[in-house]
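Taking it in order: structure first as structure tokens, then the write-up.
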Number of protein chains: 2
Amino acid sequence: MTELVQEHIPQGVIERLPTYLSALLQLRHDGSSTASSAQLSELTDVNAAQIRRDLAYFGSFGKRGVGYDVGVLIERIQRILGSDHSHRIALVGAGNLGSAIASYDGFNARGFQIAALFDNDPGKVGSRVGDLVVRDIGDLARLAKQQNIRFGVVAVPSDAAQDVVDAMVDAGIKVILNYTPSHVTVPDDCRVHNTDPVRELLHTLYYLSRAEALAGA
Amino acid sequence: MTELVQEHIPQGVIERLPTYLSALLQLRHDGSSTASSAQLSELTDVNAAQIRRDLAYFGSFGKRGVGYDVGVLIERIQRILGSDHSHRIALVGAGNLGSAIASYDGFNARGFQIAALFDNDPGKVGSRVGDLVVRDIGDLARLAKQQNIRFGVVAVPSDAAQDVVDAMVDAGIKVILNYTPSHVTVPDDCRVHNTDPVRELLHTLYYLSRAEALAGA
DNA sequence: TAGATTGTTAATCGATTAACAATC
DNA sequence: TAGATTGTTAATCGATTAACAATC
């Protein structure tokens, strides 16, 4: 029996699922076993009708008059997203940023595991960063293929970004998180997400400027 | 003479302006003096008609038959966003992550300046990180008010996040970039942006799972 | 003038939300 | 049964885009 899924699901829906999941994980952590769309709305700043509508794209997971079972909904959303099992990540760059990412506790808790840490500095290769031993960047392709790693995180100096990305693509990595401000290119079957803090600041700056203009006027 | 600006501008428009700005800065860096909406479309993956439509919310900046003057458009977008002058940022946390952010070269290049770095560890206070001297977190409010700092970046351990955010709010900071996985709360007149890499990975994971399901079937 | 490209309209497309019957 | 809340419809709202007259 195959799952019934509508042919096209709006991107906005997919982007909100992780938000719902975060809220649900928090609810479970706090000991709640059920949640209504109204409660989820409170926690996520998403309209309650929209939450129900979004979930309905994938099936009916709630009980009328009762709400949603937190555990069940977590499981269903994780299944939909494909995070019902752990995914391995290759992290490249063992400097300050790489070390910070390697010890970031947000990955493991939510289905991602940093499987290997690479650097091109012979002085760093072999040293430990948290639980990881720094490996030579030359081993990336072999290890990534061996372990079927499809996620990569780039935490190297800007001017090395494209080279690292190219190496990741060659290694079969499909989703890349780029922490450098460099614009990098990848083939069509890969995705890059640039974590550009300035872009976010610029966008909020617009609203801030207007609020201050109003207050000052 | 006041600027003519429509009463309401869609949020999507505001969110795309930084994208256009990045492309234009790159074009200027590469020596181009004019750009058509078709060229910008190529660089940004945004429909050319939409770029023209978006810009038209704020005025008419181009020349028919010619295109947009890169320098002029950069200046106009920076003026619209409020990034035509530099903004000071207070960074809290002088660990690996804080040190990496302090030396991130993407801020200065685009109108943001890390004005001060704070930590609560007496062993770190007074030491240097790049060009900055680590200051005591107790000095945040005084310095932020003195220098009219309205941007804050949180790079501390998760369990200290809310305390730091509270201190930032007290110090008059209005826009906060939270690098911890903790959910933090702020008053209505402040904005928090959580840089949650897992959220982005989860969302791309959905598409990746489907692509692989198709390929495997 | 001929060619190019903007600014803008009007049509399409898609997402959001209020409302409510179904039902736990 | 009465109360609550889902799942879903239908209406609204808003954003995207093709098309083209204006014009450099």
Side-chain angles (χ1 to χ4, degrees), chain A residues 3-20 23-24 27 32-77 80 203 206, chain B residues 3-20 23-24 27 32-77 80 203 206:
Chain A
E3 222 174 63
L4 177 75
V5 173
Q6 301 220 359
E7 63 296 333
H8 179 72
I9 291 168
Q11 194 181 343
V13 175
I14 304 302
E15 287 176 359
R16 282 188 293 273
L17 290 180
T19 308
Y20 304 154
L24 288 160
L27 282 170
S32 305
S33 62
T34 61
S36 67
S37 58
Q39 283 175 284
L40 287 171
S41 174
E42 191 97 350
L43 285 168
T44 59
D45 281 322
V46 178
N47 181 288
Q50 183 157 61
I51 294 176
R52 298 198 300 275
R53 185 82 167 72
D54 285 354
L55 296 175
Y57 277 104
F58 305 98
S60 41
F61 307 143
K63 277 205 182 65
R64 292 172 198 235
V66 179
Y68 300 92
D69 181 279
V70 171
V72 168
L73 196 51
I74 286 174
E75 204 173 280
R76 299 310 296 261
I77 294 179
I80 293 164
H203 146 223
Y206 173 81
Chain B
E3 223 174 61
L4 178 73
V5 173
Q6 301 220 0
E7 63 294 337
H8 178 75
I9 292 168
Q11 194 181 343
V13 175
I14 304 302
E15 287 177 0
R16 283 188 292 273
L17 290 181
T19 308
Y20 303 154
L24 288 160
L27 281 169
S32 304
S33 61
T34 60
S36 67
S37 57
Q39 283 175 283
L40 287 171
S41 175
E42 190 96 352
L43 286 168
T44 58
D45 282 322
V46 177
N47 181 288
Q50 184 159 60
I51 295 176
R52 298 198 299 276
R53 185 83 167 69
D54 285 352
L55 296 174
Y57 277 103
F58 305 97
S60 41
F61 306 144
K63 277 205 181 66
R64 293 171 197 237
V66 179
Y68 300 92
D69 182 280
V70 171
V72 167
L73 196 50
I74 286 173
E75 204 172 282
R76 299 309 295 261
I77 293 179
I80 293 163
H203 146 224
Y206 172 81

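Note that the coordinates shown come from a computational prediction; the quantities given were computed from them, not determined experimentally. Each chain gets a letter, A, B and so on, in the order the sequences are listed, and its residues count up from 1.
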**OP:** Given side-chain contact (heavy atoms from CB on, under 4.5 Å), test B:Y68 with B:R52 step by step and report yes or no.
**Re:** CA-CA 10 Å; B:Y68 300 92; B:R52 298 198 299 276; 3.6 Å; yes

Subject >> A:I80: which of A:I14, A:I9, A:L17 passes side chain to side chain contact (heavy atoms under 4.5 Å, CB included) >> reply: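 Running side chain to side chain contact (heavy atoms under 4.5 Å, CB included) over A:I14, A:I9, A:L17 with A:I80 returns exactly one hit, A:L17.
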
**OP:** Please name the residue in the list A:L55, A:I51, A:T44, A:V46 that meets the side chain to side chain contact (heavy atoms under 4.5 Å, CB included) test with A:R16.
**Re:**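 So, applying the side chain to side chain contact (heavy atoms under 4.5 Å, CB included) to A:R16 and each of A:L55, A:I51, A:T44, A:V46, only A:V46 qualifies.
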
**OP:** Pick base, sugar-phosphate or nothing for A:G12, based on heavy-atom distances below 4.0 Å to the nucleic acid.
**Re:**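 If one applies the 4.0 Å heavy-atom cut-off, A:G12 turns out to touch nothing in the nucleic acid.
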
Give a yes/no on whether any side-chain N or O of [X] is located under 4.0 angstrom from OP1 or OP2 of [N].
{"X": "B:S37", "N": "C:dT5", "value": "no"}
{"X": "B:R52", "N": "D:dA22", "value": "no"}
{"X": "B:S60", "N": "C:dT6", "value": "no"}
{"X": "B:Y68", "N": "C:dG7", "value": "yes"}
{"X": "A:N47", "N": "C:dA15", "value": "no"}

Roughly, in whole Å, what's the span from [atom1] in [X] to [atom2] in [N]?
{"X": "A:F61", "N": "D:dT5", "atom1": "CZ", "atom2": "C1'", "result": "17 Å"}
{"X": "A:Q11", "N": "D:dA15", "atom1": "CD", "atom2": "P", "result": "16 Å"}
{"X": "B:D69", "N": "C:dT6", "atom1": "CG", "atom2": "C1'", "result": "15 Å"}
{"X": "A:I51", "N": "C:dA15", "atom1": "CD1", "atom2": "C1'", "result": "15 Å"}
{"X": "B:Y57", "N": "C:dG7", "atom1": "OH", "atom2": "P", "result": "15 Å"}
{"X": "B:R53", "N": "C:dA11", "atom1": "CZ", "atom2": "P", "result": "14 Å"}
{"X": "B:Q50", "N": "C:dT6", "atom1": "CD", "atom2": "P", "result": "15 Å"}
{"X": "A:L55", "N": "D:dT6", "atom1": "CG", "atom2": "P", "result": "10 Å"}

**OP:** Applying side-chain contact (heavy atoms from CB on, under 4.5 Å), run through B:T19 and B:D45 and close with a yes or a no.
**Re:** CA-CA 10 Å; B:T19 308; B:D45 282 322; over 6 Å; no

Original post:
Has the side chain of B:R64 got a donor or acceptor atom sitting under 3.5 Å from an opposite partner on the base of C:dT6?
Top reply: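 Donor-acceptor pair under 3.5 Å: yes.
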
**OP:** Would you kindly compare A:G65 and A:A49 by the position of their nearest DNA chain C nucleotide and give the one closer to the 5′ end?
**Re:**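 Residue closer to the 5' terminus by nearest nucleotide: A:A49.
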
**OP:** Map A:V13 and B:G62 onto DNA chain C by nearest heavy atom, then report which one ends up closer to the 5' terminus.
**Re:**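 Mapping each residue to its closest nucleotide by heavy atoms, the 5'-most match is B:G62.
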
Original post:
Where is the tightest heavy-atom contact between B:V72 and B:D69, given as atom of each residue plus distance?
Top reply: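 Taking B:V72 first and B:D69 second, the nearest heavy atoms are N-OD1, 2.9 Å.
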
Subject >> Under the 3.5 Å Watson-Crick or G-U criterion, the dot-bracket string of DNA chain D, with | for inter-strand pairs >> reply: ..||||||||||||||||||||||

**OP:** Apply the test side-chain contact (heavy atoms from CB on, under 4.5 Å) to residues B:Y20 and B:L73: give CA-CA distance (whole Å), side-chain angles for both, the deciding distance (0.1 Å), then the verdict.
**Re:** CA-CA 9 Å; B:Y20 303 154; B:L73 196 50; over 6 Å; no

**OP:** Could you tell me whether the side chain of A:I74 reaches within less than 4.5 Å of the side chain of A:L27, counting heavy atoms only?
**Re:**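 SC-SC contact between A:L27 and A:I74 ruled out.
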
